[in-house]
Amino acid sequence: MHKRFLYISDHELFAYHLTKNQQRQVICLPNDKASLEEIAHYLEQTSHIPISVIVDSIQEQYQIVRLPHVFGKDRTDLWQHKKKRLFEETPYAYAVVQARESKGRKDDKVLFTAITKPQLLLPWLKLINQFKIPIKGIFSLPLLSEKLLKHLPKSPYTLLVAHTPRISAHCSHGLRQSFFMQQKLQLSRLTPLNISENEHDSYGHYVIGQIIKTQQYLENSNALPANTKLQVIILTHTNLLTPLNNYLRTRQLSDLQFHLVDAHEFSYQIGLRTDQTTLYLHQLTGHQLTRRFVSNHYADWQDRRYFLFQNIRIATYIASSLFVASAATAGGFILHDAWQMQQQGKVVQQTVEKRKIELKHLQKIAPSLPFEPVHIRNIVDVGQHLKTQDVSPKAMLIKISQVLNRYPKLIVSRLEWGIGNQSETIFASYNEAAEPEGEKKRETPDPRATLFRNPRMRIFVPTIEETPNNFLEGVRLHGKFFPFDGDYRQTLKMYNQFVADLKLKDDRWKINKIQLPYKKVLQGNIGRENQVEDIPFAVEILIEHAYANTK
């Protein structure tokens, strides 16, 4: 956000301070060496405020050039070369693409502008940099005028006419005429206005005469196509609107379309508030710098270095503040969690102390019993697992038999049942169970495991840290389809339906398909037909049970 701007013309220098929508003039001096000391005093007192520079000079030139459509370094090099050829004696040059041709090579239409007299800016820029004041940019007044067109009537060809302060000692005001095509600047004229505003008839005659001269120049240079109506927007003071309108009524200007705009009403329309009776074009465009981002025109890195340093410093401050705030927030959460853990620890410690007192009392009654906490926990765990031995397979077998009644071809050949914490602790793996007896390897017994109910079922008694909340009841059902008619697809469909029916019996039942009903047939036996009389399958059913509450 721009807080102030400096307006530099060929004859005068103004400084304005901006606060929200308010604009206040603080400096008005001639543009000469005698003003350097007063400007230096002003800059020294306000060296912390960034500044924007608006240039309004008769020395500014404009060139429309068509260049090949290129990107990156090629575009930069091409533009720099073109700037040197067009404006070789000034460092203050600027280029911007305005449009691209739709036919032919589809070249870029580029506007080149430059301040051909660097001495207009050099003393003031040197003074500003002497106090290390951040310069946000050096801006061309006609280019900034493009931002005003969005609030004015639209037309393909527009001539914007507005007042400026005096441009020499021999005139009271200046008249800035800027020509726009498709809302893009093409050229601009700055002429002296020698007529007093009180001389209404002379004022209207002079202004309209200058507009007609500009129109003729545009037509002669082919900037304005023949038989094209030019829209003319005149931003003027309130007391000049009526006389200027009366003057236009007496003239036949059919090829010009006029729009008279009160500068004060327009300033309210764009949100500018000022107590000055006279409003100039630079005040309106300067207000645009406070409302939106505007790309720098003429300032190079050397002119803007303190502004870039300031941005880096501000970004560093913001990043540091965010880091400190994040660290403080994280530290607060950590402290809160630590406090909660401390409170929980106190509760646990109080409970432990209470239980110790109870154990000491019990030791006096029965000193021969083991009252160590670890021993008590192990006794409770073993007791829980012993309680699971009361689980009967009767209910599960009844449900399985009800399902089997609907499948007469399905014959159960073996059924394994057991209880444990995991499927692996209940059954040996299916591969091990199916392995021939003569090829089985001796298994190293698990010192923590106890054989239970069948040779391949184990009950695992966990340690204190591993004690689960539930245990599993499991059954592994081995069977076959007999007789097998050779239709594997129909057999597999029947097997899947059987598994689906088992799942429907109880949501707690988890069914694992151990072996699908498929059997390899030995091929290549000469003189014998390959026959398969039956086809085996296996299903594993797991049901979760909760331990009894021992609290």
Side-chain angles (χ1 to χ4, degrees), residues 9 11-12 56 58 141-142 145-146 148-149 151-181 183 185-221 223-270 272 274 276-285:
S9 69
H11 183 70
E12 290 181 312
D56 182 20
I58 199 172
L141 179 65
S145 301
E146 286 184 0
L148 301 178
L149 296 182
H151 305 285
L152 296 169
K154 303 292 188 299
S155 175
Y157 302 95
T158 302
L159 183 67
L160 179 63
V161 182
H163 290 235
T164 69
R166 62 174 62 194
I167 62 175
S168 68
H170 306 291
C171 65
S172 57
H173 299 283
L175 195 66
R176 170 66 72 175
Q177 301 178 70
S178 299
F179 174 63
F180 301 90
M181 184 170 65
Q183 313 296 305
L185 178 70
Q186 304 298 300
L187 58 87
S188 185
R189 290 183 64 214
L190 181 60
T191 56
L193 185 60
N194 295 317
I195 306 301
S196 171
E197 295 181 2
N198 296 325
E199 303 175 18
H200 293 167
D201 293 338
S202 300
Y203 171 80
H205 175 76
Y206 179 81
V207 170
I208 300 303
Q210 290 296 324
I211 292 173
I212 293 174
K213 287 182 181 179
T214 302
Q215 179 195 22
Q216 293 172 349
Y217 171 79
L218 294 174
E219 291 177 347
N220 294 335
S221 62
L224 181 67
N227 301 321
T228 301
K229 181 171 289 189
L230 177 64
Q231 176 181 257
V232 180
I233 300 175
I234 303 177
L235 281 171
T236 187
H237 308 313
T238 306
N239 59 335
L240 296 176
L241 286 174
T242 301
L244 192 57
N245 192 33
N246 294 334
Y247 180 83
L248 289 174
R249 290 176 181 176
T250 62
R251 298 293 182 270
Q252 298 295 329
L253 301 171
S254 59
D255 53 348
L256 294 174
Q257 181 181 1
F258 286 91
H259 293 277
L260 305 183
V261 179
D262 188 333
H264 285 83
E265 289 185 2
F266 182 73
S267 69
Y268 274 84
Q269 180 183 346
I270 64 175
L272 172 63
T274 180
Q276 290 185 274
T277 57
T278 303
L279 273 177
Y280 295 117
L281 180 62
H282 68 268
Q283 293 175 269
L284 301 174
T285 57

Just do the side chain to side chain contact (heavy atoms under 4.5 Å, CB included) check on L281 and S145 with the steps written out, would you?
CA-CA 8 Å; L281 180 62; S145 301; 3.7 Å; yes

Would V207 and Y247 count as a side chain to side chain contact (heavy atoms under 4.5 Å, CB included) if you check the C-alpha gap in whole Å, the side-chain angles of each, and the deciding distance to 0.1 Å?
CA-CA 11 Å; V207 170; Y247 180 83; over 6 Å; no

Mind running side chain to side chain contact (heavy atoms under 4.5 Å, CB included) on F266 and L235 for me, showing each step along the way?
CA-CA 8 Å; F266 182 73; L235 281 171; 4.1 Å; yes

Full working for side chain to side chain contact (heavy atoms under 4.5 Å, CB included) between E219 and Q215:
CA-CA 6 Å; E219 291 177 347; Q215 179 195 22; 3.7 Å; yes

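Aromatic ring orientation, H173 versus Y280: tilted (interplanar angle from 30° to 60°). The aromatic rings of H163 and H237 sit tilted relative to each other, their planes meeting at an angle between 30° and 60°.
Here T285 pairs with nothing under the side chain to side chain donor-acceptor pair (under 3.5 Å) rule; sequence neighbours left out. With sequence neighbours excluded, the residues satisfying side-chain contact (heavy atoms from CB on, under 4.5 Å) with Y268 are R273. Looking at residues two or more places apart in sequence or on another chain, you find no side chain to side chain donor-acceptor pair (under 3.5 Å) involving E146. N246 is linked by a side chain to side chain donor-acceptor pair (under 3.5 Å) to nothing, counting only residues two or more places apart in sequence or in another chain.
Nearest heavy atoms, Q183 versus S155: NE2-O, 3.4 Å. Shortest non-hydrogen contact noted between S178 and L185 is CB-CD1, 4.0 Å. Scanning both residues, P192 and I167, for their nearest heavy atoms gives N-CD1, 3.6 Å. Heavy-atom minimum distance, L284 versus S267: CD2-CB, 3.9 Å.
Contact of the L152 side chain with the L160 side chain is registered, since non-hydrogen atoms from C-beta on lie closer than 4.5 Å. Counting only heavy atoms from C-beta outward, the side chains of L253 and I208 approach each other to under 4.5 Å.
Of the possible polar contacts, none joining the N245 side chain to the L241 backbone as a donor-acceptor pair under 3.5 Å is found. The backbone N or O of A223 lies less than 3.5 Å from no partner atom in the side chain of Q186, so there is not a single donor-acceptor pair.
Residue pairs meeting the salt bridge (charged side-chain N to carboxylate O under 4.0 Å, His left out) criterion with at least one partner in residues 162-176, sequence neighbours excluded, are D56-R176. Among pairs with a residue in residues 225-236, those fulfilling side chain to side chain donor-acceptor pair (under 3.5 Å) read T158-Q231, Y203-T236, Q231-H259, at least two apart in sequence or across chains.
For the atom pair T278 OG1 and Q283 CD, the distance stands at 8.5 Å (nearest 0.5 Å). In this structure, OG1 on T191 lies 8.5 Å from CD1 on I58, to the nearest 0.5 angstrom. Here OG1 of T164 is found 9.0 Å from NE2 of H282. Values are rounded to the nearest 0.5 Å. The distance from the CD1 atom of I211 to the NZ atom of K213 is 12.5 Å, given to the nearest 0.5 Å. With rounding to the nearest 0.5 Å, the separation of CG in L187 from CG in L218 is 5.5 Å. With values rounded to the nearest 0.5 angstrom, L279 atom CG is found 6.5 Å from L272 atom CG.
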